[in-house]
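Reading through the structure tokens given below for one structure.
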Number of protein chains: 2
Amino acid sequence: MQTEAPEQQSEHIVRSYEEQLKRLREMVARMGGLAERQVADAASALIRRDTELASAVVGRDGEIDALETEIENFCVRLLALRQPMAADLRLIVAAMKVSTDIERIGDYARNAAKRAIVVSQQPQLGSLNGFQWMAKLVQENLKDAIDALVKEDAAAAERVWGADAPVDDIYNGIFREMLTHMMEDPRNITAATHLLFIAKNFERIGDHATNIAETVHYAVLGHMLPEDRPKSDASAYTVVRPPA
Amino acid sequence: MQTEAPEQQSEHIVRSYEEQLKRLREMVARMGGLAERQVADAASALIRRDTELASAVVGRDGEIDALETEIENFCVRLLALRQPMAADLRLIVAAMKVSTDIERIGDYARNAAKRAIVVSQQPQLGSLNGFQWMAKLVQENLKDAIDALVKEDAAAAERVWGADAPVDDIYNGIFREMLTHMMEDPRNITAATHLLFIAKNFERIGDHATNIAETVHYAVLGHMLPEDRPKSDASAYTVVRPPA
């Protein structure tokens with residue numbers, strides 16, 4: 001808990017301030033690590049039809065939510081007591097924004113895990129390789145974006161920002177594939193619908209990893225990335241026709 | 001643009017600070033108003049099969065994104081130059097959080113509008129009354145949440161926070177209905193899938209209105225609402241069987 005008055009600028013206070021910023025980065029890194037694990041476990045639960053693991057993911061989401069609140073409170077205290085400027089101010093604002101993104105990622109992983117429980121009791125539809133691949137890519141992007149924050153590495157953040165396109169490609173393929181499964185046999189409809197939403201969850205996780213990369217880039221350099229980021233979720237326009 | 005040094009605490013400066021906070025509230029209210037209109041127009045476009053209106057919604061999303069950036073930059077400047085404390089600090093942090101929620105609401109409205117274009121070229125599935133009703137409810141919740149911020153009315157915020165349950169009920173009904181349409185006739189699958197995602201978009205808009213209400217409550221009173229908010233999206237567990 002912070003008790004020194006902000007006016008006292010002794011060496012001790014300055015060191016303690018650095019420590020607080022370090023602690024803030026560590027909290028965000030810990031939250032990111034939890035979310036990575038949730039994404040990985042949600043995908044494993046789906047692919048191995050492991051309902052126990054899926055339930056564990058659902059049960060663990062509260063930890064991520066609690067960390068978001070903790071990070072926000074810590075940031076508000078730092079803003080009030082340290083009155084930070086320039087790069088420090090940007091880091092604190094970025095930490096709040098990033099923790100909101102990670103909290104959403106946790107929600108998406110929990111939602112995917114819930115649906116994985118239903119899918120495990122339905123007919124198997126193909127290999128689900130696309131899901132594994134998608135989950136792996138977004139998990140890597142999330143990890144790299146958080147690492148970029150901890151290391152204040154704007155170039156790494158920019159790489160993550162440009163790495164979301166393959167995720168969208170896989171998602172668009174899954175969307176089309178699931179509609180085809182539905183049309184082939186109405187008994188596939190429940191599973192295919194839940195799989196569509198799971199794919200959408202992973203796609204959204206990828207978007208939030210991209211958001212985090214944007215925020216980190218801004219925090220480190222103090223200016224925004226261009227508005228038009230690479231984005232190719234074309235599923236909103238997909239039309240599939242039933243077999244003749 | 002802010003140029004006064006924060007140390008000068010003359011009456012003029014204090015008044016100007018009040019004006020800046022007022023301007024901040026107005027910016028958030030303007031952003032919220034734009035998002036409300038996007039939600040209403042996306043729903044109208046869907047129900048009337050009006051592709052021109054749907055395209056207009058897609059085209060207007062950039063205005064909301066631009067306002068988010070403007071609000072964030074304004075908040076960072078206020079934090080740096082005014083070094084606000086207590087309620088003012090909470091308002092500024094809340095404005096940043098709320099603008100992120102509104103930006104997401106804009107994205108969901110845009111996505112619903114995109115899908116409405118596809119749906120308008122597919123067979124009609126029932127009355128879509130549920131969609132109209134859902135859109136109306138979430139739009140009201142959004143409006144009330146933003147009004148609560150502008151008026152610093154914690155009680156109003158708490159009412160919005162508790163008003164999301166009917167939205168979830170309608171959503172759960174639509175989910176089941178769409179799966180049934182798919183099973184009845186494979187020619188319904190494309191439309192029903194897009195309608196499922198549109199319903200999900202409106203449901204997510206409702207969640208973000210609830211988030212905004214939580215943030216406003218915190219900004220006004222300085223303490224959080226309880227963790228367990230009323231929440232009953234049961235669609236993740238829905239199973240529908242094909243007709244025998």
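A, B, ... follow the sequence lines: proteins, then strands. Residue 1 opens every chain. Only this structure's heavy atoms are used, side chains among them; waters, hydrogens and symmetry mates stay out.
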Original post:
Is any residue of residues 191-199 of chain A within less than 4.5 Å of chain B by heavy atoms, and which ones?
Top reply: A:T193, A:H194, A:L196, A:F197
Original post:
Between B:M85 and chain A, which part of the residue has a heavy atom less than 4.5 Å away: side chain, backbone, both or neither?
Top reply: side chain
Subject >> Side-chain touch B:R104/A:R104, heavy atoms, less than 4.5 angstrom >> reply: no
**OP:** Might you point out which heavy atoms bring A:M96 and B:V93 nearest each other, and give the distance in Å?
**Re:** SD-CG1, 3.8 Å
Original post:
Going from CE on A:M182 to CG on B:L179, what distance comes out if it is rounded to the nearest 0.5 angstrom?
Top reply: 7.0 Å
Subject >> CE on B:M178 to CD1 on A:I189, rounded to 0.5 Å >> reply: 12.5 Å
Subject >> Summary of ring-ring contact (aromatic ring centres under 6.0 Å, His included) pairs that have at least one residue in residues 102-124 of chain A, sequence neighbours excluded >> reply: A:Y108-A:H208
Subject >> Interface moiety of B:V76 toward chain A, non-hydrogen atoms closer than 4.5 Å >> reply: both
**OP:** Would you indicate whether the side-chain heavy atoms of A:E72 and B:K97 approach each other to under 4.5 Å?
**Re:** yes
Original post:
Tell me, side chain or backbone of B:Q121 under 4.5 Å from chain A's heavy atoms, or both, or neither?
Top reply: neither
